Colleague: 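I'd like to ask you about the structure that follows.
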Amino acid sequence: MEKIKCTIERITYQNPENGYSVLQATIKGYREEQTLVGTFHEVTVGAVLTVEGNWRVDKRYGRQFAVEKWTEELPADIVGIEKYLGSGLVKGIGPKFAKLIVAKFGLDTFNVIENEPDKLLEVYGIGKGRVAKIQASWEKQKDVKDIMVFLQGHGVSSTYAAKIYKQYGKESIEKVQANPYCLADDIWGIGFKTADGIAEKLGYEKNDLRRCRSGIFYTLNKLSEDGHVYSEREQLIKSAKELLQAEEEPITQALDDMITKEDLILDEEAIFLPPFYYAEIGVASKLKRLLEDSTGNLFDGTLNIEEIVKKTGIQYDDVQVAAIQQAVKSKVMVLTGGPGTGKTVTTQGIIAALESLGQGILLAAPTGRAAKRMNEATGKEAKTIHRLLEYNPAEGYGRNDENPLDGGVLIVDESSMIDVILMNSLLKAVPSHMRLILVGDIDQLPSVGAGNVLRDIIDSGVVPVIRLTKIFRQAQTSRIITNAHKINQGIFPDISNGRDADFFFIKQEDPEKAAQEIVNIVKNRIPKAYHYSTNDIQVLAPMQRSVVGATNLNIILQEAINPEGDFLSRGGFKYRKGDRVMQIRNNYDKEVFNGDIGIVQNVNMEDRSLTVIYEGRAVEYEDNELDEVTLAYATTIHKSQGSEYPVVVIPLLMTHFVMLQRNLVYTGITRAKKICIIVGTTKALAYSVHNMVVLKRNTKLKERLTT
């Protein structure tokens with residue numbers, strides 16, 4: 001392989017999923033910039049790299065240097081030093097101060113920062129506070145670079161260096177050498193496969209029990225990401241063998257040892273991670289206790305429905321009246337139904353009835369957007385479940401079995417989104433006298449987290465269930481609603497379009513053309529025809545990958561809608577002021593949660609930080625935290641659960657074949673309040689409508705409720 005020293009001038013392209021990048025670099029001896037291709041993370045413009053690889057000629061793009069290995073060095077000339085510091089890698093120094101510092105100290109700049117930082121006070125505009133910030137950041141960068149060198153020496157991308165340093169500090173290298181599998185347990189974003197790659201370089205054997213143990217944890221966690229609460233023993237061993245390419249005996253030995261030590265729980269042939277086992281046991285036992293407790297049975301047969309009608313101004317049909325009566329005579333009940341069937345107005349009737357009986361009512365929903373919609377619909381305060389339970393990152397839930405919720409009734413909307421862990425935490429805080437009303441659309445996608453809680457509760461038959469099926473007269477004129485119900489019944493929807501329609505189908509078989517059509521719809525056609533802003537329009541894709549997947553659509557939509565201005569980059573995305581972004585993990589310290597959508601308010605190039613506004617609240621991210629957010633011009637249908645948008649645009653092509661299911665398309669369509677547009681093929685839509693194959697989730701909640 002050839003070894004070359006170069007300076008990065010531009011980052012032309014970077015794949016956010018695997019870090020594959022196309023860079024433009026200056027190389028000594030070449031008059032023009034040269035193209036580097038390879039896997040790069042965390043590389044900034046101005047970085048000086050020593051790269052190893054080979055020159056090649058790509059048929060389409062011409063001469064390139066294909067990089068196999070790379071290391072970063074400090075630049076040696078004035079231009080390089082200024083670019084390096086101006087990149088914002090060192091907190092407290094952005095482009096402006098980089099220019100001033102280098103103008104003052106020239107080639108001695110790094111020495112000044114390293115050994116004589118007080119001299120920086122000689123630069124106009126730099127005070128003691130900024131010097132302290134620069135010192136701290138410089139020291140941290142040195143430590144992080146040591147970790148980067150260590151990781152690269154073991155064939156692992158340096159993208160995780162800052163996270164590892166944040167977790168373990170100066171002990172990082174020692175920790176990783178002692179047991180690289182701890183990375184998968186301790187650091188979000190580092191999975192088993194990354195840790196396993198380091199372990200292999202450190203000489204771990206395939207059958208090492210520590211490796212088998214970590215592989216079993218990984219397998220169970222992957223199953224939980226697919227919604228499963230447990231795995232059967234035989235399936236777990238088979239999956240772990242496929243993952244580890246190890247012999248069965250050490251895997252079985254590691255598994256039995258984990259069960260003996262209660263790192264895993266064995267229940268008949270089901271093997272649980274302890275949090276899921278205890279959560280499922282907790283949900284079942286608490287629901288049984290609530291159902292058995294007769295405290296607070298308010299219904300004596302004299303509920304005056306006319307008074308309720310007078311109070312709400314709503315006429316209720318027989319099923320809705322039955323729901324209101326059920327709510328006041330049951331300790332636990334479920335209210336379910338599709339769009340336009342009156343779940344909201346029925347909930348208003350339930351609230352009015354219970355308030356007339358002197359009950360204090362709490363309203364909650366799994367997400368901020370769902371809670372806001374509940375608040376708007378009822379005129380009463382609604383909180384996220386986390387906020388209702390007074391969650392504190394350092395101490396956990398403030399409301400629990402020792403400090404239960406106040407009030408007589410808890411009504412929870414969008415209950416199909418609640419996984420078994422969250423439901424257990426919620427039920428712990430419900431006192432025995434409180435009645436619980438779960439509201440949700442059972443035909444939507446199940447929770448992103450493990451479990452199928454609402455469906456298991458309904459299927460158990462132990463909780464009264466009222467299902468609303470009649471579509472309200474005013475909703476019958478909406479093709480969004482009528483088509484959603486048709487799809488739910490396996491009937492192909494009305495795609496005749498029409499000037500007054502709110503549901504449109506635009507036929508496009510070519511994925512590239514479909515992607516461009518979506519950009520045109522979002523940027524031009526909808527704003528011009530209906531006067532909605534681009535922030536009112538949400539693109540919902542069945543999956544992340546492909547030309548018409550959320551990842552690519554985000555990149556091309558941003559380029560069309562918000563292409564200019566300062567930006568921070570991470571994982572192939574650029575983040576600018578005005579960009580719509582989504583939080584993709586729960587961060588209890590920042591009080592932002594998976595699926596929350598905000599707008600970038602400020603990009604601070606000096607401190608390499610980003611400020612995002614979520615529902616009027618500002619949240620700041622450092623550059624190494626940006627993998628917690630993603631652009632949200634487009635998102636997946638799964639991520640949209642619990643949200644509604646004025647306008648929804650859905651790409652639906654056979655490139656999404658593996659994800660095309662009835663409940664996925666039903667969920668996507670029902671996110672639209674005013675307009676829904678599908679761009680794609682009738683074949684993909686028909687396939688979705690007729691595909692009811694929903695993967696069964698491994699849960700025992702129904703069984704636990706009935707025994």
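Since we're looking at a predicted model, the values are computed, not measured.
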Colleague: Do His433 side-chain atoms and Gly407 backbone N/O form a donor-acceptor pair below 3.5 Å?
Modeller: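 It does hold such a pair.
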
Colleague: Write down the atom of Ile421, the atom of Asp419, and the distance for their closest heavy-atom approach.
Modeller: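 Scanning both residues completely, I find the closest heavy atoms to be N-OD1, 3.1 Å.
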
Colleague: Does Asp502 use its side chain to pair, donor to acceptor, with the backbone of Arg479 at less than 3.5 Å?
Modeller: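 Confirmed, Asp502 side chain pairs with Arg479 backbone.
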
Colleague: Is there a side-chain contact between Pro527 and Tyr532 in this structure, where contact means two heavy atoms from C-beta onward sitting under 4.5 Å apart?
Modeller: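 Not touching, per the 4.5 Å side-chain cut-off.
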
Colleague: What I'd like to find out is whether the side chain of Lys383 reaches to under 4.5 Å of the side chain of Leu363, using heavy atoms alone.
Modeller: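 Result no, sub-4.5 Å side-chain heavy-atom pair not found.
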
Colleague: Does Val328 offer a backbone N or O that forms a donor-acceptor pair with the side chain of Arg435 under 3.5 Å?
Modeller: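 The answer is yes, because a donor-acceptor pair under 3.5 Å joins these two groups.
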
Colleague: Mind listing the closest non-hydrogen atom pair of Ile418 and Pro366 along with its distance?
Modeller: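 Closest approach of Ile418 to Pro366: CG1-CG, 3.8 Å.
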
Colleague: Could you give the distance from CD (Glu280) to CG (Asp267), rounded to the nearest 0.5 Å?
Modeller: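 Here the interatomic distance stands at 8.5 Å.
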
Colleague: Check the pair Tyr278, Asn424 against side chain to side chain donor-acceptor pair (under 3.5 Å), reporting the backbone distance first and the verdict last.
Modeller: CA-CA 9 Å; Tyr278 292 114; Asn424 185 45; over 6 Å; no

Colleague: Examine distances only and state if a side-chain atom of Asp596 and a backbone atom of Tyr614 form a donor-acceptor pair shorter than 3.5 Å.
Modeller: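 No.
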
Colleague: Is there a side-chain contact between Gln348 and Val345 (heavy atoms, below 4.5 Å)?
Modeller: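 Counting from C-beta outward, Gln348 and Val345 do come under 4.5 Å.
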
Colleague: Counting only heavy atoms not in Lys288 (residues, nucleotides, ligands), do more than 12 fall under 6.0 Å from its NZ?
Modeller: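 For Lys288, atom NZ is crowded (more than 12 foreign heavy atoms under 6.0 Å).
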
Colleague: Hey, what do you get for CG (Asn488) to CG (Asn483), rounding to the nearest 0.5 Å?
Modeller: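 Answer for the CG-CG pair, Asn488 versus Asn483, is 12.0 Å.
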
Colleague: Identify the residue among Arg387, His386, Arg617 that makes a side chain to side chain donor-acceptor pair (under 3.5 Å) with Glu591.
Modeller: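 Passing option: Arg387.
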
Colleague: Kindly compute the distance separating CG (Asn691) from CD (Gln661), expressed to the nearest 0.5 Å.
Modeller: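 Answer for the CG-CD pair, Asn691 versus Gln661, is 5.5 Å.
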
Colleague: Answer yes or no for Lys673 and Tyr645: cation-pi contact, defined as NZ/CZ to six-membered ring centre under 6.0 Å and angle to ring axis within 45°.
Modeller: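 Negative - Lys673 is either too far from the ring of Tyr645 or too far off its axis.
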
Colleague: Would you indicate whether the side-chain heavy atoms of His485 and Ile471 approach each other to under 4.5 Å?
Modeller: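 A side-chain contact under 4.5 Å exists here.
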
Colleague: Is Lys486 atom NZ crowded by more than 12 heavy atoms from other residues, nucleotides or ligands, each under 6.0 Å away?
Modeller: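 Check passes, neighbour count above 12.
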
Colleague: Test side-chain contact (heavy atoms from CB on, under 4.5 Å) on Leu652 and Leu660 and set out the steps.
Modeller: CA-CA 8 Å; Leu652 211 61; Leu660 298 182; 3.7 Å; yes

Colleague: Passes side-chain contact (heavy atoms from CB on, under 4.5 Å), Leu362 versus Val409? Steps please.
Modeller: CA-CA 6 Å; Leu362 301 175; Val409 184; over 6 Å; no

Colleague: List the steps, then state whether salt bridge (Lys or Arg N to Asp or Glu O under 4.0 Å) holds for Glu355 with Lys380.
Modeller: CA-CA 12 Å; Glu355 284 184 334; Lys380 298 183 180 300; 2.9 Å; yes

Colleague: Within the side chain of Ser415, is there an N or O that forms a donor-acceptor pair under 3.5 Å with the backbone of Val412?
Modeller: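 Present.
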
Colleague: With a cut-off of 6.0 Å (strictly less than), are more than 12 heavy atoms of other residues, nucleotides or ligands near CG of Asp318?
Modeller: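 It does not: Asp318 CG has 12 such atoms or fewer within range.
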
Colleague: Side chains of Asp441 and Tyr666: donor-acceptor distance under 3.5 Å anywhere?
Modeller: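 Yes, side-chain donor-acceptor contact under 3.5 Å.
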
Colleague: Is any side-chain heavy atom of Ile669 closer than 4.5 Å to a side-chain heavy atom of Val648?
Modeller: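 Answer no - side chains too far apart.
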
Colleague: Below 4.0 angstrom, N of the basic side chain to O of the carboxylate: do Arg399 and Asp406 qualify?
Modeller: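 Here Arg399 pairs with Asp406 in a salt bridge, since their nearest N and O are under 4.0 Å apart.
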
Colleague: Could you give the side-chain donor-acceptor pairs of residues 452-461 under 3.5 Å, partners two or more places apart or in another chain?
Modeller:
unit_1: Arg455; atom_1: NH2; unit_2: Ile442; atom_2: O; d: 3.0
unit_1: Asp456; atom_1: OD2; unit_2: Thr699; atom_2: OG1; d: 2.7
unit_1: Ser460; atom_1: OG; unit_2: Ile457; atom_2: O; d: 2.6
unit_1: Ser460; atom_1: OG; unit_2: Val462; atom_2: N; d: 3.3

Colleague: Please check if any side-chain donor atom of Arg704 sits under 3.5 Å from a side-chain acceptor atom of Ser285, or the reverse.
Modeller: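 No, no side-chain donor-acceptor pair sits under 3.5 Å.
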
Colleague: Is it true that Asp494 and Ser496 share a donor-acceptor pair across their side chains at a distance under 3.5 Å?
Modeller: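 There is such a pair between these side chains.
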
Colleague: Sub-3.5 Å donor-acceptor pair from the side chain of Thr611 to the main-chain atoms of Glu620, do we have one?
Modeller: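 It does not hold such a pair.
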
Colleague: How would you list, by chain and number, every residue that makes a salt bridge (Lys or Arg N to Asp or Glu O under 4.0 Å) with Glu225, sequence neighbours excluded?
Modeller: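 Here the qualifying residues are Lys222.
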
Colleague: Ignoring hydrogens and angles, state whether a donor on the side chain of Tyr530 or Asp536 is under 3.5 Å from an acceptor on the partner side chain.
Modeller: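 Result is no, nothing qualifies.
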
Colleague: What I want to find out is whether Glu268 reaches Lys700 closely enough, with some N-O distance under 4.0 Å, to be called a salt bridge.
Modeller: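 Result for this pair is yes, salt bridge flagged.
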
Colleague: Tell me, do Val229 and Leu701 make a side-chain contact under 4.5 Å, heavy atoms counted?
Modeller: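 Of all side-chain heavy-atom pairs linking Leu701 with Val229, none is under 4.5 Å.
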
Colleague: Minimum heavy-atom separation for Ser432 and Lys331, please, with both atom names.
Modeller: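 Here Ser432 and Lys331 meet closest at O-NZ, 2.5 Å.
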
Colleague: Do Asn400 side-chain atoms and Tyr397 backbone N/O form a donor-acceptor pair below 3.5 Å?
Modeller: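 Yes; at least one donor-acceptor contact below 3.5 Å.
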
Colleague: Check whether any side-chain heavy atom of Gln641 sits under 4.5 Å from a side-chain heavy atom of Thr667, and report yes or no.
Modeller: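 In short, these two side chains touch, coming nearer than 4.5 Å.
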
Colleague: Return the minimal non-hydrogen interatomic distance between Ser231 and Leu223, and the atom names on each side.
Modeller: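 Nearest heavy atoms, Ser231 then Leu223: CB-CD1, 3.4 Å.
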
Colleague: Can you see which heavy atom on Ala270 is nearest to which on Tyr230, and at what distance?
Modeller: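 Answer, listing the atom of Ala270 first, then Tyr230: CB-CD1, 3.4 Å.
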
Colleague: Atom CG in Asn554, atom CE in Met582: separation rounded to 0.5 Å?
Modeller: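 Reported value, rounded in 0.5 Å steps: 9.0 Å.
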
Colleague: Closest approach of Lys639 and Ile584, non-hydrogen atoms and distance?
Modeller: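 Looks like NZ-O, 3.8 Å.
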
Colleague: Would a distance-only check, ignoring hydrogens and angles, find a side-chain to backbone donor-acceptor pair under 3.5 Å from Arg467 to Gly337?
Modeller: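 Such a contact is absent between Arg467 side chain and Gly337 backbone.
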
Colleague: Kindly say whether Gly440 contributes a backbone atom to a donor-acceptor pair with the side chain of Ser416 at under 3.5 angstrom?
Modeller: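 A pair under 3.5 Å: no.
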
Colleague: Using a distance-only test with no angle check, is there a side-chain donor-acceptor pair under 3.5 angstrom linking Glu628 and Gln583?
Modeller: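 Indeed, the side chains of Glu628 and Gln583 share at least one donor-acceptor pair under 3.5 Å.
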
Colleague: Is there a side-chain contact (heavy atoms from CB on, under 4.5 Å) between Leu410 and Leu426? Walk through the geometry before answering.
Modeller: CA-CA 10 Å; Leu410 173 61; Leu426 178 63; 3.8 Å; yes

Colleague: Atom NE2 in His638, atom CG in Leu664: separation rounded to 0.5 Å?
Modeller: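 These two atoms lie 6.0 Å from each other.
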
Colleague: Using 0.5 Å steps for rounding, measure from the CG atom of Leu540 to the CD1 atom of Ile678.
Modeller: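 Going from the CG atom of Leu540 to the CD1 atom of Ile678 covers 10.5 Å.
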
Colleague: Tell me whether Lys577 contacts the main-chain N or O of Asn602 through its side chain, where contact means a donor paired with an acceptor under 3.5 Å.
Modeller: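 Absent.
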
Colleague: If we count only N and O atoms by modelled type, under 3.5 Å, do the side chains of Asn663 and Gln444 hold a donor and an acceptor together?
Modeller: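 Asn663 vs Gln444: no donor-acceptor pair found between side chains.
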
Colleague: Between Gln538 and Arg580, do the side chains contain a donor N or O and an acceptor N or O under 3.5 Å apart?
Modeller: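 Their side chains do contain a donor-acceptor pair, which is all the 3.5 Å distance test asks for.
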
Colleague: Name each donor-acceptor pair under 3.5 Å that joins a side chain in residues 306-315 to protein atoms two or more places apart or in another chain, with its distance.
Modeller:
unit_1: Thr312; atom_1: OG1; unit_2: Ile308; atom_2: O; d: 3.0
unit_1: Thr312; atom_1: OG1; unit_2: Ile314; atom_2: N; d: 3.3
unit_1: Thr312; atom_1: OG1; unit_2: Tyr316; atom_2: OH; d: 3.1

Colleague: Given Ile411 and Ile361, is the side-chain contact (heavy atoms from CB on, under 4.5 Å) satisfied, shown in steps?
Modeller: CA-CA 7 Å; Ile411 302 176; Ile361 297 173; 4.1 Å; yes

Colleague: Salt bridge check, Arg585 against Glu625: does any charged N sit closer than 4.0 Å to a carboxylate O?
Modeller: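 No, Glu625 and Arg585 are not salt-bridged.
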
Colleague: Regarding Lys590 and the six-membered ring of Tyr621, is the cationic atom NZ or CZ under 6.0 Å from the ring centre and inside 45° of its axis?
Modeller: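 Judged by the rule, Lys590 and Tyr621 form a cation-pi pair.
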
